[in-house]
Amino acid sequence: MPHDLTSLDHLDQEELWDARAAASYDTPGTGMEAPDVLGPTVDRLADLAEGGPALELAVGTGRVAIPLAQRGIAVTGIEISRHMIARLREKVSDADLPVVQGDMASTRAPGEFSLVYLVFNTIGNLLTQDAQVECFRNAAAHLRPGGRFVIELWVPQLQQGAPGVPALVGAVEDGYLLVDTLDTATQRLMSHHVRFGEGRSATVGRSPHRYVWPSELDLMARLAGMELESRHADWRGAPFTSESGSHVSVYRKPARDQ
């Protein structure tokens, strides 16, 4: 490893997902909030909810939850960062979108849900396999019989990395560069977010993650009493193949508790 991928582990979630991080999440009309990105996401989640209540784990600033609620779905959120919740509250009231502050792996929200969802790679914010397993169990505990748990997650493209080079370029965009350094033995990585300003100026932010393979997620679901219902390459339902860079996986709790 070129450096210690656990160097940020001493920070709590409030420090990792601070006010600056919360502010960077809101990009109205562009990026993750572009209509061609957000629209299919909300459409699919609304279909999967089948009119029942939904719970978003790591609801953040409400990028998905708010438009889903505007579609008539009763949405509740769990979010560990008070900074994220504060940004969300600038846009919607607690009456319209209640949020419980806490860890998505253990915090319980009141009620029973037909849909629990976790989008945009966020399960990787849990840095151990045990914590990710507990997240699945927490999702299952919130679901009514027959309910669904949906995860959106990237697929590590390790074949793109040259032998002995422990880094992958994740994105190259105008004003933005993402480089991931990783350790395949522990499935830990550090994302380096470089944002370019005027002239030669730039800012660098780092965030720690643990990547998860689709088959590993399937086993986590089985441990939580759920089964894979479907897997697609995107929210529009494109086929998932060995070339896919991400996936949307839908797990279902049995119609009757066993």
Side-chain angles (χ1 to χ4, degrees), residues 8-34 37-38 41-42 45-46 48-49 52-128 131-132 134-143 147 149-153 191 193 195 203 205-210:
L8 299 183
D9 286 8
H10 66 286
L11 299 178
D12 63 27
Q13 295 296 312
E14 285 284 289
E15 294 172 294
L16 281 173
W17 309 108
D18 57 12
R20 178 179 173 182
S24 71
Y25 267 62
D26 288 332
T27 57
T30 63
M32 293 303 296
E33 293 189 63
V37 174
L38 191 55
T41 304
V42 174
L45 290 173
L48 291 170
L55 172 67
E56 180 170 354
L57 302 180
V59 67
T61 64
R63 177 183 70 92
V64 174
I66 292 173
L68 184 60
Q70 291 170 344
R71 293 282 295 271
I73 303 298
V75 183
T76 298
I78 290 176
E79 173 56 52
I80 198 166
S81 169
R82 60 186 174 86
H83 304 287
M84 295 285 188
I85 297 173
R87 295 283 294 191
L88 185 150
R89 284 287 163 256
E90 295 174 6
K91 297 177 281 186
V92 65
S93 70
D94 183 70
D96 292 327
L97 205 166
V99 176
V100 179
Q101 185 176 8
D103 188 331
M104 60 181 161
S106 60
T107 300
R108 290 298 305 271
E112 194 175 57
F113 301 88
S114 62
L115 177 70
V116 178
Y117 64 94
L118 182 56
V119 298
F120 196 44
N121 308 322
T122 309
I123 195 170
N125 292 351
L126 298 172
L127 301 180
T128 67
Q132 292 168 348
E134 289 307 310
C135 182
F136 269 80
R137 287 179 172 150
N138 196 31
H142 282 93
L143 286 173
F149 179 39
V150 183
I151 281 192
E152 176 189 20
L153 188 61
S191 291
H193 308 271
R195 292 179 171 86
T203 60
R206 296 186 299 156
S207 56
H209 308 276
R210 180 184 186 271

4.5 Å side-chain heavy-atom contact, His193 and Ser207: yes

Asp103 vs Leu126 side-chain heavy atoms within contact, under 4.5 Å: yes

Interatomic spacing from CG in Leu118 to CG in Asn138 - rounded to 0.5 Å: 10.5 Å

Donor-acceptor contact below 3.5 Å, side chain Glu79 vs main chain Gln101: no

Contact check, side chains of Asn125 and His209, non-hydrogen atoms, under 4.5 Å: yes

For the student: nearest non-hydrogen atoms of Asp96 and Pro98, plus distance: C-CD, 4.0 Å

Partners passing side-chain contact (heavy atoms from CB on, under 4.5 Å) against Leu55 (at least two apart in sequence or in another chain): Leu57, Thr76, Ile78, Ala109, Phe113, Val116, His142

Heavy-atom pair of closest approach, residues Ala46 and Arg71: CB-NH2, 3.9 Å

Exercise: identify the closest heavy-atom pair between Ala49 and Ile73: CB-CD1, 4.0 Å

Shortest non-hydrogen contact between Gly62 and Pro67, atoms and distance: O-CD, 3.7 Å

Polar side-chain atom of Ser114 near backbone of Pro53 as donor-acceptor pair, under 3.5 Å: yes

Derivation and outcome, side chain to side chain contact (heavy atoms under 4.5 Å, CB included), residues Tyr117 and Leu48: CA-CA 10 Å; Tyr117 64 94; Leu48 291 170; over 6 Å; no

Side chain to side chain, Met84 and Val99, heavy atoms closer than 4.5 Å: no

Heavy-atom pair with the smallest gap, counting every atom of Ile123 and Leu153: CG2-CD1, 3.9 Å

Student check: side-chain heavy atoms of Val100 and Pro110 closer than 4.5 Å: yes

Heavy-atom check, side chain of Lys91 versus side chain of Leu97, under 4.5 Å: no

Non-hydrogen side-chain atoms of Phe136 and Ile151 separated by less than 4.5 Å: yes

